[in-house]
Amino acid sequence: MYTVSQLAAQCGLSRTTLLYYESMGLLRPASRSAANYRCYGDRDAERLRQICLYRNAGLKLADIRALLDHAGNDASAVLTRRLAEINLEIETLRNHQLAITRLLRSKAFRRNQMMTKEKWTSIMRGAGFTDDDMQRWHMEFERSAPGDHQEFLEYLHIPVEEIAGIRKWSAGG
């Protein structure tokens with residue numbers, strides 16, 4: 001039998017992640033100890049390894065639950081659908097890269113003028129970015145280059161408190 005912390009460590013997860021998976025119905029403790037602690041068995045450990053495998057492949061938790069709870073589900077159909085979604089996301093990100101490259105080459109960026117959040121947002125909208133696109137852009141910027149993201153937000157003369165808020169939701173918090 002494993003405790004929450006032991007099972008989480010075995011799979012390279014945090015205790016919080018394991019408890020979140022439990023709250024989502026992906027994992028249930030096999031039993032409880034006399035002190036009412038969760039106890040997990042080998043079957044639970046194997047199920048958690050499957051969850052991690054599917055999660056590392058980019059599957060959504062709802063898809064993982066469906067695959068694990070209904071053995072008759074066609075995993076290849078779910079994986080094929082997710083692959084198509086990822087390909088679309090990659091295409092969208094490549095389009096964002098091109099739009100940003102065009103923006104950076106434009107005269108507006110070569111002039112020594114003050115760039116503001118409002119100007120930047122207007123340029124991004126003009127390049128076809130939606131609010132959702134801009135949020136995903138911030139999230140990717142924060143994930144891949146948090147220091148540069150901070151510097152960019154400061155460049156836009158955004159107040160410190162607002163920058164903190166943008167970085168917090170960009171990081172998923």
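Scope of the values below: all heavy atoms of this structure, side chains included, with no hydrogens, waters or symmetry mates.
Using a 4.5 Å heavy-atom cutoff, the side chains of Arg38 and Leu19 are in contact. Under the 4.5 Å side-chain criterion, counting only non-hydrogen atoms from C-beta, Tyr40 is not in contact with Leu48. Between Ser31 and Met1, some side-chain heavy-atom pair lies under the 4.5 Å cut-off. Counting heavy atoms from C-beta outward, Asp133 and Met124 have side chains that stay 4.5 Å or more apart. Counting heavy atoms from C-beta outward, Met134 and Arg125 have side chains that approach closer than 4.5 Å. Arg143 has its side chain within reach of Glu140: a pair of non-hydrogen atoms, C-beta onward, lies under 4.5 Å apart. Counting heavy atoms from C-beta outward, Ile166 and Trp169 have side chains that approach closer than 4.5 Å.
Remark: Glu46 engages Arg49 in a salt bridge, criterion side-chain N to carboxylate O under 4.0 Å. Between Asp44 and Arg47 no salt bridge is recorded (no basic side-chain N to carboxylate O distance below 4.0 Å).
In the hydrophobic clustering of ILVMFWY residues, with side-chain heavy atoms under 4.5 Å counting as a link, Tyr155 and Trp120 come out together. Criterion: ILVMFWY side-chain heavy atoms under 4.5 Å apart, direct or through other members. Under it, Leu59 and Met24 are part of a common hydrophobic cluster. A single hydrophobic cluster is seen to contain both Tyr20 and Leu26, as judged by linkage of ILVMFWY side chains at heavy-atom distances under 4.5 Å, directly or through other members. Taking hydrophobic clusters as Ile, Leu, Val, Met, Phe, Trp and Tyr residues chained together by side-chain heavy-atom distances below 4.5 Å, Ile64 does not share a cluster with Leu53.
Shown here is Arg81, whose CZ atom has more than 12 heavy atoms of other residues, nucleotides or ligands within 6.0 Å. The number of heavy atoms from other shown groups lying within 6.0 Å of CZ (Arg32) is above 12.
For Gln135, the side chain to side chain donor-acceptor pair (under 3.5 Å) criterion is met by no residue, not counting sequence neighbours. By the side chain to side chain donor-acceptor pair (under 3.5 Å) test, Arg82 is found to be paired with Glu85, Glu89, residues two or more places apart in sequence or in another chain being considered.
The minimum heavy-atom distance between Cys11 and Cys52, with the atom names listed, is CB-SG, 4.1 Å. Among all heavy-atom pairs drawn from Ala99 and Ala127, the shortest one is CB-CB, 4.2 Å. Summarising the geometry of Gln10 relative to Ala45, their closest heavy-atom pair is OE1-CB, 3.6 Å, with the distance given to 0.1 Å.
Taking the six-membered ring for Trp and thresholds of 30 and 60 degrees, His149 and Phe141 have ring planes inclined between 30 and 60 degrees apart.
Here the side chain of Glu162 pairs no donor or acceptor atom with the backbone of Pro159 at under 3.5 angstrom.
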From CA spacing to verdict: side-chain contact (heavy atoms from CB on, under 4.5 Å), Tyr21, Leu61 | CA-CA 8 Å; Tyr21 289 167; Leu61 295 179; 3.8 Å; yes
